[in-house]
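Just so we're on the same page: letters track the sequence lines, and every chain starts at 1.
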Amino acid sequence: MTRTATGVSAEMGSISWRAVGCMALRALGRDWQSGELRVLAAALLIAVASVAAVSFFTDRIQQAMERKASELLGADLVVAASNPIQPALADTALQQGLQTAETLSFRSVVLAGDVTQLTEVKAVGPGYPLRGALQVSDRPFGPPRTVDTIPSPGQVWLDERLLQILGLQAGGTVNLGARAFRVEHVLAYEPDRAGDLFSIAPRLLLNLADIPSTGLVQAGSRVAYRLLLAGEPAALEGFKTWARTRLVAGEKLEGVRDARVELRSALDRAQRFLNLAALVSVILAGVGVAIAARRFAARHWDSVAILRCVGATEALIVRLFVLELLMLAMLAGAAGLLTGYLAQYGLSGVLGSLVSRTELPAPSLWPVLPALATGFVTLLGFGLPPLLRLREVPPLRVLRRDLGPVNPRLLALYGPAVAATLALLIWQAGEWRLALYVCAGVAGTVTVLSLAAWGLVKALNLLRGQVGVAWRFGMANIARRGSGSAVQVVALGLGLMALLMLTLVRTDLLTSWRASLPADAPNHFLINVQTSEVTQVQTFLREHGLHDVELFPMVRGRLTAINGRNVGPEDYQNPRAQRLVAREFNLSWTDTLQEDNRILAGHWWRTGDQGQGVASVETGLAEELGIVLGDTLRFQIAGQDLAAKVTSLRSVEWDSFRANFFVVFPSGVLDAYPATWITSFHLPIDRKPVMAELVRHFPSITVLDVEALMTKVREIMDRVISAVEYVFLFTLAAGLVVLYAAIQATQDERRFESAVLRTLGAQRAVVRQSLLAEFATLGLLAGVLAAAAATVLSYGLATQVFDFPYRWNSWIWLLGGGAGVLGVGLAGLLGARSALAQPPWRALREL
Amino acid sequence: MRVDHNLEAGSGISVASVFASDNPVASAIIQVEDLGKQVISPEGPLIILDAIGFSIARGESVAVVGASGSGKSTLLGLLAGLDTPTHGRVWLAGVDLNRLDEDGRALLRAQRVGFVFQSFQLLTGLTALENVMLPLELAGHADARQQALELLERVGLQARARHYPSQLSGGEQQRVAIARAFAGNPDVLFADEPTGNLDQKTGHRIIDLLFALNREQGATLVLVTHDQELAAYCDRVLELDDGRLRESLAQPSSGA
């Protein structure tokens, strides 16, 4: 219809936006009345609500977890310095409403009777620790209890090791510098005990007020000063911004993220899990909207044809529906935000206590953004393409109902949607890799499912002559719908994949994570074992039920040259690399690769390597220092040079609580150098006295008990897992909605078809059977393919993103296929129940 | 039986035709008594059909005519057991439809009834052949394929057996529908505006085909139409006016 053909059409072509807006509003009301928009709105509402709830809740959980993590820092923020910290910093922090506490630590020799021991001395001021709590006990390895005090003036708390070394009990006396102190308690747990587990000396904790009387801290002493800060996030941010401009050389800010490596890796993983949960919601939202929009558009072909007939231009049609869609988006988006916000509250009430003993921090406002953006992007990306096709509906459809829009170029239509979703995913995930993995998983699934659905069409055409009327009809339905069936299988497949990911794969991933710190992970380290004592220690341990404990030799050495070129801290930009080069690190030798080590490049020792100058380097260290396979390293050990060629790069699980080394040599290279030995093992809590016994037998050996630390780490893991499981519950609901939408999408056709079948004399059982045949076949296909996709995706996630060993799960296939056949089949039957109850004549005339 | 009571209430039924079976009129393939249909509309109850009574003899062809909204199609739905009446009863092939449940009526349709619709109502997922096979299979015929092929040949579409409805013209689709309607030798054929969606020339060809097949098979034809010319083909015309049967005209059997 040309615009100049008649006055009417010219008028309609240039109709004002306001008039179109009114038309769209009326259309919205009408479509809402007739119920067609409700499915679309529901999909959108759930999309926004799920993202909002997930975002609000993860926001709160993340805040709570950062606080939890603050415990391991003893604060939310720390100013660390090598000189006394400018008093202005603490003053300003107080003014800004932050809590403060000061500590300082240094190494000094502690004397008890005639025994001396180099000790890590820490002096703490009132308020310490600002986060977490100290634990003490009355005797070494006795039951710990939490206290909220610090050592009284004139009294000190010693850790178990120091007490054992000094041969003291609580109530004894130690000399520190110029002053004698009474031992008040055994220090069992100190939240912010930092540093390298293997190099730290035993601990003595005293009151900051006693420091001057010891006379130990003088100008030029090596002392680490720390100003602990805690408070509201906004105040902390404000202080951070202010302090950055005021810090002097030697002062630096340390946040939660700079706390221990084990914790950092736990937090990183937690965030990945939570992001994954959010990502799955986003994708499900898109699928839900796409299905609903497709149905909405298909049901508007007739009215669009009539509009076109009476002179509406293509542009008008587009404007009309885009406006209607935007109005819907605003309404559903607002409702979704509200729903999400409320859902988040309800769920925080139920599950918040799992994450935090106190009330969770209030959610910030930023989750509104991703939630709304997700709503609009999914609506426009997934909902718009089918609606845009409405302009292609030929007016002739008024006369010939078989005419519909032409050329459904799915790729061109959904390309923008995929791109928009990818962008959203990257924003949500905060990193490329995870977003790409999820996207690749989805894209792969879509492609595979589409191809498989197409293959099924062909296969079913061969089958249809061979089966009974009900099955033939059901299968013919799938075959005929072609691309429609493919879309439905894809949607069902994605829904099922989400369910599989959220049930089986989630359990697998979380179990793997928990297993990465198993209950029998080593909780005790023995260090400073002399070469002459190795056999005796092993015998002692064996006699006390600790079998197969392997001891590793440890030789301290400094890296002095790579490929003949001398290296020093000044050669590196990275502070960690500078530190690594500046100090000695632990070298070891072994002929067998440790269980948790993997060779990433090169090869492990070959026959004849023993006694040769070859070495295996940890991959992180190699990266940091720019060492590659084949480089020759020169170490200085006990004043002598040793050269070694790098023949392999290894990965090491640093958070496994096993003894591990940056550089390992084969036997026969380091044997001549002075070595001490180290080992770690799991000692059940009820056998702790064995350690006291060990220390009595081997007084020079140091026992490190990391049980308390591991309990903390494990507790954080458990809380993260609770949080993730909660978030996944929500995503699970979204998955179910997508399944429902996918099944609902073809209900109109099915109602018509069952009416015709029944008119021709089919009994309801036959109709039911044909529906079951169709849905069960669809479900089986979708389920099996979803299982395949979930397997591939979880393999990728486990090995590439989360660094877990992947575990093959055969249940996923059974569950996928079974859930597909049963779930989709039953849901399809349930959906058709009303159509079957209705007399066929009514159904025929309504449709 | 309630037959006697019904006879008293019945209109225009010969007492002599009463017999001991369920069916009050032995020679009648369709017997209607005091049939009424009422629906609830936004403006309150709406009477679509009221106090309809007539009978149709075996082999007869009857046209139901009337203006739009007079209740023609509703009556057809009730006669075929596709819908349930508010009151009154219909005997179809000697069976009281009220005494059958939905599946019982479906079984009866499968064995005794064929349909032709204005909008063809072919299943788009099935080929022409499969559409014609459908009622045969539903009625449990073993040689459904062979019979369906023969029927397609009789409507001149044997070459199109493997085409889908979307690949056929309107006239061709209606011929498939006619072949489907006659599949299984139905006693009664219901046709709802069979030419309504077709041009005049095609419509004539369809009507000729319909009546020719009807004569060959000796089936009873009930035809709903607003086309007086088409109605004139039939033995008898029932005219509906605002839900009531105005008159029942007997007319000499006319061929073409």
More than 12 heavy atoms from other groups under 6.0 Å of NE2 on B:His163: yes

Interchain contact, B:Phe190 with chain A, by part (heavy-atom threshold 4.5 Å): neither

Engaged part of B:Asn131 at the chain A interface, taking heavy atoms whose separation is under 4.5 Å: neither

Over 12 foreign heavy atoms within 6.0 Å of CZ, B:Arg205: no

B:Glu216 atom CD, over 12 foreign heavy atoms within 6.0 Å: yes

Residue part contacting chain A, namely of B:Arg180, when any heavy atom lies under 4.5 Å: side chain

Minimum heavy-atom distance A:Gln763-B:Leu107, with the two atoms named: OE1-CD1, 3.4 Å

Closest approach of A:Thr759 to B:Phe115 (non-hydrogen atoms, all atoms of both residues): O-CE1, 3.3 Å

Neighbour count >12 (heavy atoms, 6.0 Å) for atom CG, B:Asn98: yes

Interatomic spacing from CZ in A:Arg758 to CZ in B:Arg105 - rounded to 0.5 Å: 8.5 Å

Pairs of heavy atoms under 4.5 Å with chain A: top-ranked of B:Ala106, B:Ala181, B:Pro135: B:Ala106

